[in-house]
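Below is one structure, written out as structure tokens, with a few remarks after it.
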Amino acid sequence: MRRRTNWITTRRVRAVLGAAVAVCAVTAVLPGSASAEPAASAEPGARHTATTGIAGHRATSVERVSVANDGTQANDHSTHASITPNGRHIVFASSADNLTSSRGGYMYVRDQRRGHLTRHGQLLGEQHHPPTISNNGEWALYSGYLQHFKQMYLAEVSRSTGSLVRTWGNHQTQPSLDADGRLIAFVVIPKRDWTTSDQRILVMDRATGAEWTITWLSHSLPSRPSISGDNRRVAYQDAKTEDVFIWDWGDDVIGPIEGPSKAAEIVQLSDDGSKVVYRSGSDTHVYELRTSTTQVVPDARGLAIDPTGRYLLYAPQIANRPSLVLRDLRTGTEETVADKPASAGTDAVSAHGRDVVFTSAADDVVPDDTNGKTDVFVRRFH
């Protein structure tokens, strides 16, 4: 256990955070991959959806999300999707200029209950980070480069408004939001010059602008902080030592959680703060904080964990397997998310594994996919 000696804290910060406070695996053999059988051709303006069922598994359907409100296909690539725990809101980035009445390169939020897509802030530069959305679907965060500076913007989804949250210099990693979008964990490299080789992991209260430091790292390699929904914990990696740590309310930082003999890369802290997913070698490990135990998913590239810490999304690392698989960590049951080439990021799974968002350039995930571009899809398990 590493003693935290560099945490900046005050009674005021603790009071602010207090007001703001409102992954175990079993190896299983997949009985068979499932592909979505083409349904009847969608009419213009209809949702692009396919449905299938697998014996012994939940019924499932898949829908293309990156389409205009009238069903028009995107005329350019859409990527980097995240979903809220209740599965209602999906945020993604797209270069298409026909999803709304504006040019491309924007962040979009789709309200699945209303079947409505809205455009939000313009993604800045070619090196923008994937957008992320708060659990309540009210706040979406995006960032990118503008004139050699990194800008971080927060959009209020219901009002379709956005504001600059912070400007800082040099390379950064994707920010992480807590449940109600009030606290943001992110990384800053002090801009003393363009060769700066240290970084701070910060948490900021967007309502007050207060910031405090979780830790300093003596290099600029990715640390990828991940904040829990109740903002009690922040997990991060020290990519130089290849260790994963967990910060919480005590005076200590837990870790390295993978032990001294492994090189680890963080994936995600579950939203309830109970589990940390990390990769080591060709395997994925799920560390449970309550018991300080780790279970291994072999030959798997972990991608995301659901908010409850029960369902793990991963990409198999062996041949003749689906590209994306969802595993119930309690029972070992596995279900196919995508059997065509596909990818997904953190926050890709809704609570209880009911929905998974992913991107794919395949043209037969749903019927009538003729745009030849990478699209965003959501698979639902019923």
Side-chain angles (χ1 to χ4, degrees), residues 34-53 59-84 86-123 130-131 133 137 140 142 155 157-160 323-324 336-345 347-350 354-382:
S35 60
E37 295 297 329
S41 297
E43 296 296 328
R47 292 190 180 187
H48 300 244
T49 307
T51 305
T52 185
T60 179
S61 61
V62 62
E63 177 185 343
R64 182 162 46 164
V65 174
S66 53
V67 294
N69 287 322
D70 63 359
T72 300
Q73 301 181 81
N75 61 9
D76 210 336
H77 299 292
S78 301
T79 57
H80 302 313
S82 297
I83 193 168
T84 54
N86 64 3
R88 176 172 176 175
H89 294 93
I90 298 171
V91 63
F92 64 93
S94 182
S95 300
D97 62 10
N98 67 335
L99 295 179
T100 59
S101 56
S102 64
R103 63 184 187 274
Y106 280 83
M107 174 184 71
Y108 295 87
V109 177
R110 186 171 185 86
D111 185 330
Q112 290 293 91
R113 184 181 300 171
R114 297 173 55 208
H116 186 71
L117 185 75
T118 55
R119 175 187 63 81
H120 294 278
Q122 185 175 17
L123 301 172
I133 192 166
Y142 60 101
V157 173
S158 60
R159 298 185 181 181
S160 297
S323 60
L324 295 176
T336 296
V337 173
D339 61 350
K340 309 297 181 182
S343 62
D347 299 319
V349 187
S350 70
R354 287 187 293 256
D355 313 90
V356 182
V357 289
F358 62 96
T359 60
S360 178
D363 61 4
D364 55 354
V365 177
V366 296
D368 299 329
D369 185 346
T370 59
N371 65 353
K373 305 297 182 181
T374 300
D375 287 306
V376 173
F377 302 89
V378 58
R379 181 171 291 280
R380 294 191 183 88
F381 294 94
H382 309 285

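Nothing here was measured: the structure is a model prediction, and the numbers come from that model.
For the atom pair NE2 (H89) and CD1 (I133), the distance works out to 6.0 Å, reported to the nearest 0.5 Å. Distance check: T118 OG1 to Y106 OH gives 13.5 Å after rounding to the nearest 0.5 Å. Between the CD1 atom of I83 and the CD atom of Q112 there is a distance of 7.0 Å, given to the nearest 0.5 Å. Between the CZ atom in F377 and the CG atom in D369 there is a gap of 5.0 Å [rounded to 0.5 Å]. One distance of note links CZ of R354 with OG1 of T60; it measures 14.0 Å at 0.5 Å rounding. Once rounded to the nearest 0.5 Å, the distance linking CZ of R110 with CD1 of I90 reads 8.0 Å.
The nearest pair of heavy atoms linking A81 to V376 is CB-CG1, 3.5 Å. Across all their heavy atoms, P131 and V91 have their closest contact at CB-CG2, 3.8 Å. Closest approach of F381 to T336, counting heavy atoms only: CZ-O, 3.7 Å. In plain terms, the two heavy atoms of D355 and R380 that are nearest each other are OD2-CG, 3.2 Å. For L99 against S66, the heavy-atom pair with the smallest separation is CD2-O, 4.0 Å.
Looking only at atom types and distance, the side chain of D347 has no donor-acceptor partner in the side chain of S82 under 3.5 Å away.
Q73 has its side chain out of reach of K373: every pair of non-hydrogen atoms, C-beta onward, lies at least 4.5 Å apart. N98 places a side-chain heavy atom less than 4.5 Å from the side chain of T72. Contact check for D364 versus K340: side-chain heavy atoms found under the 4.5 Å cut-off. Two residues are said to be in side-chain contact when any heavy atoms from C-beta on lie closer than 4.5 Å; H120 and V109 meet this criterion. In this structure, the side chains of V65 and Y108 stay at 4.5 Å or more apart for every pair of heavy atoms.
A donor-acceptor contact shorter than 3.5 Å links the side chain of N371 to the backbone of A74. Within the 3.5 Å criterion, the main-chain N or O of R88 finds no donor-acceptor partner in the side chain of R113. When atom types are taken as modelled, the side chain of N69 and the backbone of L117 share a donor-acceptor pair closer than 3.5 angstrom. Although no hydrogens or angles enter the test, the distance criterion places no donor-acceptor pair under 3.5 Å between the side chain of T359 and the main chain of D375. When atom types are taken as modelled, the side chain of S350 and the backbone of G87 share no donor-acceptor pair closer than 3.5 angstrom. Judged by distance alone, the side chain of N75 and the main-chain N or O of D97 form a donor-acceptor pair under 3.5 Å. Side-chain N or O atoms of H116 include none that pairs as donor or acceptor with a backbone N or O of D111 at under 3.5 Å.
Partners of S323 by side-chain contact (heavy atoms from CB on, under 4.5 Å), not counting sequence neighbours, listed by chain and number: A338, A342.
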